Amino acid sequence: VLLDDNDHSYDYVIEMLGAVFGYAPAKAFALARIVDTEGRVVLMTGARDACEAKQAQVHAYGADPRIPACRGSMSALVEEAGAPGA
């Protein structure tokens with residue numbers, strides 16, 4: 001689950017989702033819109049270890065160079081399917 005913040009641009013989110021998940025720009029843009037409007041978006045479902053590996057990649061992606069105040073990567077959570085808030 002990717003969490004929204006005000007420290008990353010749409011371009012960053014689209015690029016990160018393409019690099020980490022292999023999503024095409026149209027899908028990445030759609031997911032960026034959801035996280036922006038709803039505050040969170042499910043990026044993938046699967047085995048916990050696979051999800052944790054992708055979470056680590058999101059956390060390691062780095063700061064958005066387009067936003068001077070950006071200090072680091074976006075935040076992502078791994079939750080059980082059907083968990084409260086999921």
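Note that the coordinates shown come from a computational prediction; the quantities given were computed from them, not determined experimentally.
At a threshold of 4.5 Å between non-hydrogen side-chain atoms, the residues Arg48 and Glu80 count as touching. Looking at heavy atoms from C-beta onward, Asp5 lies out of side-chain contact with Ser75 at the 4.5 angstrom threshold. Taking the side chain as every heavy atom from C-beta outward, Leu31 and Leu2 never approach each other to under 4.5 Å.
What you find for Gly62 and Ser73 is that their closest heavy atoms are N-OG, 2.6 Å.
The CZ atom of Arg40 sits 11.5 Å away from the CG atom of Asp4 when rounded to the nearest 0.5 Å. Within the model, atoms CG of Leu43 and CZ of Phe21 stand 4.5 Å from one another, a figure rounded to the nearest 0.5 Å.
At least one donor-acceptor pair closer than 3.5 Å links the side chain of His59 to the backbone N or O of Ala76. The closest donor-acceptor contact from the side chain of Tyr12 to the backbone of Asp7 lies at 3.5 Å or more, if one exists at all.
Residues Val78 and Val42 do not share a hydrophobic cluster, clusters being chains of Ile/Leu/Val/Met/Phe/Trp/Tyr side chains in contact below 4.5 Å. Residues Val35 and Val1 are members of separate hydrophobic clusters, defined by side-chain heavy-atom contacts under 4.5 angstrom among Ile, Leu, Val, Met, Phe, Trp and Tyr. By the criterion of side-chain heavy atoms lying less than 4.5 angstrom apart, applied directly or through intervening Ile, Leu, Val, Met, Phe, Trp or Tyr residues, Leu17 is grouped together with Val58 in one hydrophobic cluster. Both Met44 and Val20 are part of a single hydrophobic cluster, where members link through side-chain heavy atoms under 4.5 Å apart.
Of the residues listed (Glu15, His8, Met74), the one engaging Tyr61 in a side-chain contact (heavy atoms from CB on, under 4.5 Å) is Glu15, and it is the only one.
Annotation for Arg33: atom CZ does not count as buried by contact number, only 12 or fewer foreign heavy atoms lying within 6.0 Å.
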